[in-house]
Asker: 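Here it is, the structure, as structure tokens.
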Amino acid sequence: MKSLLILAGALLLLPLKSMAQDPKQPANYAALVKNERSLIGAIETAEELLIDDPKSFGEFQIVFCGKSIPQITDTKIMDPILKRISNQPISVVACGFSLNKFKVDRSGIPRDIDIVENGILYLFQLLKKDYINLDL
């Protein structure tokens, strides 16, 4: 009899437990890349994550920094990349410090690419927002 009362009590509390749980939040990702090959690798990773679990995939932001930043204005490199990610929750962000250091003309940057003044700081801010960092 005592076991029956415990079982009945557990069954009554079970719906309350499931109501209190938050629905699964989508996972957001970020990566810092320093050249075209790493950029393509990050995109391939993002696409695989999206295919693997589209319902829990939020967005993937790729921060481009470093000495290869002039590649961001090369249409032969960037046009196919931007076309590839155009209908996906994947974005490329350019580091303003790198653009300045390597004297990249900002007018040549495709309009689909956002510019942040400090790419590393921007990445840390994403991490504070619970983005998952992929080290490539």
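What you are looking at is a predicted structure, and each value in this text was computed from that prediction instead of being measured.
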Asker: Can you give me the closest heavy-atom contact between G119 and C65, atom names plus distance?
Answerer: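 Closest heavy-atom pair between G119 and C65: CA-SG, 3.9 Å.
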Asker: Would you mind telling me which of V33, L32, L49 makes a side chain to side chain contact (heavy atoms under 4.5 Å, CB included) with L134?
Answerer: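 Single side chain to side chain contact (heavy atoms under 4.5 Å, CB included) partner of L134 among V33, L32, L49: L49.
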Asker: Just how far is it from atom CG of L39 to atom CD1 of I81, taken to the nearest 0.5 Å?
Answerer: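 The CD1 atom of I81 is 4.5 Å from CG of L39, to the nearest 0.5 Å.
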Asker: Working to the nearest 0.5 angstrom, can you tell me the gap between K101 NZ and C95 SG?
Answerer: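 The SG atom of C95 is 10.0 Å from NZ of K101, to the nearest 0.5 Å.
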Asker: Any sub-3.5 Å donor-acceptor pair from S68's side-chain atoms to N35's backbone N or O?
Answerer: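 No; zero donor-acceptor contacts below 3.5 Å.
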Asker: Checking S38 side chain against K34 main chain: does a donor-acceptor pair fall under 3.5 Å?
Answerer: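 No.
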Asker: Indicate the atoms forming the closest heavy-atom contact of M78 with I72, along with that distance.
Answerer: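 What the structure gives for the nearest pair is CG-O, 3.2 Å.
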Asker: Between CG of L82 and CD1 of I43, what distance do you get to the nearest 0.5 Å?
Answerer: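 Rounded to the nearest 0.5 Å, the CG-CD1 separation comes to 7.5 Å.
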Asker: Any idea which heavy atoms bring Q71 and F64 closest together, and the distance?
Answerer: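 Looks like OE1-CZ, 3.8 Å.
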Asker: Report the C-alpha distance between D105 and T73 in whole Å, list the side-chain angles of each, state the deciding distance to 0.1 Å, and finish with yes or no for side-chain contact (heavy atoms from CB on, under 4.5 Å).
Answerer: CA-CA 8 Å; D105 179 9; T73 62; 6.0 Å; no
Asker: Could you report the tightest heavy-atom contact between A30 and L126, atom names first, then the distance?
Answerer: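 Closest approach of A30 to L126: CB-CD1, 3.9 Å.
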Asker: Counting only N and O atoms by type, is there a donor-acceptor contact under 3.5 Å from the side chain of D114 to the main-chain atoms of V93?
Answerer: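 Absent.
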Asker: Counting only heavy atoms not in F102, do more than 12 fall under 6.0 Å of its CZ?
Answerer: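 Yes, CZ of F102 has more than 12 neighbouring heavy atoms, counting only those of other groups under 6.0 Å.
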Asker: Can you find a pair of side-chain heavy atoms, one from I132 and one from N28, that are under 4.5 Å apart?
Answerer: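 No. Closest side-chain heavy atoms not under 4.5 Å.
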Asker: Could you check if a side-chain atom of E47 sits within less than 4.5 angstrom of a side-chain atom of R84, using non-hydrogen atoms only?
Answerer: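 A side-chain contact exists here, since the closest heavy-atom pair is under 4.5 Å.
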Asker: If you compare all heavy atoms of P80 against all heavy atoms of T75, which two are closest, and at what distance to 0.1 Å?
Answerer: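 Heavy atoms only, the tightest pair is CD-O, 3.8 Å.
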Asker: Just how far is it from atom CG of D74 to atom CG of D79, taken to the nearest 0.5 Å?
Answerer: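 So the CG of D74 and the CG of D79 are separated by 9.0 Å.
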Asker: May I have the step-by-step check of side-chain contact (heavy atoms from CB on, under 4.5 Å) for E59 and Y29, ending in yes or no?
Answerer: CA-CA 6 Å; E59 67 176 4; Y29 302 90; over 6 Å; no
Asker: How many angstroms lie between CG in D53 and CZ in F57, if you round to the nearest 0.5 Å?
Answerer: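 If we round to the nearest 0.5 Å, D53:CG and F57:CZ are 10.0 Å apart.
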Asker: Do you know the tightest heavy-atom contact between A42 and F60?
Answerer: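 Answer, listing the atom of A42 first, then F60: O-CZ, 3.9 Å.
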Asker: Kindly compute the distance separating CD1 (I109) from CG (D112), expressed to the nearest 0.5 Å.
Answerer: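 It is 12.5 Å, given to the nearest 0.5 Å.
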Asker: Check whether I85 and L50 end up in the same hydrophobic cluster, where Ile, Leu, Val, Met, Phe, Trp and Tyr are linked by side-chain heavy atoms less than 4.5 Å apart.
Answerer: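 Yes; L50 is reachable from I85 via cluster members.
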Asker: Do R106 and E117 meet the salt-bridge criterion of a basic N to acidic O distance under 4.0 Å?
Answerer: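 Salt bridge between E117 and R106, a charged N being under 4.0 Å from a carboxylate O: yes.
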Asker: Test of understanding: clusters of I, L, V, M, F, W, Y form through side-chain heavy atoms closer than 4.5 Å, transitively. Do I40 and I69 belong to the same one?
Answerer: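 Yes, I40 and I69 fall within the same hydrophobic cluster.
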Asker: If we ignore angles and hydrogens, is there a donor and acceptor under 3.5 Å between the side chains of Q61 and Y122?
Answerer: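 There is such a pair between these side chains.
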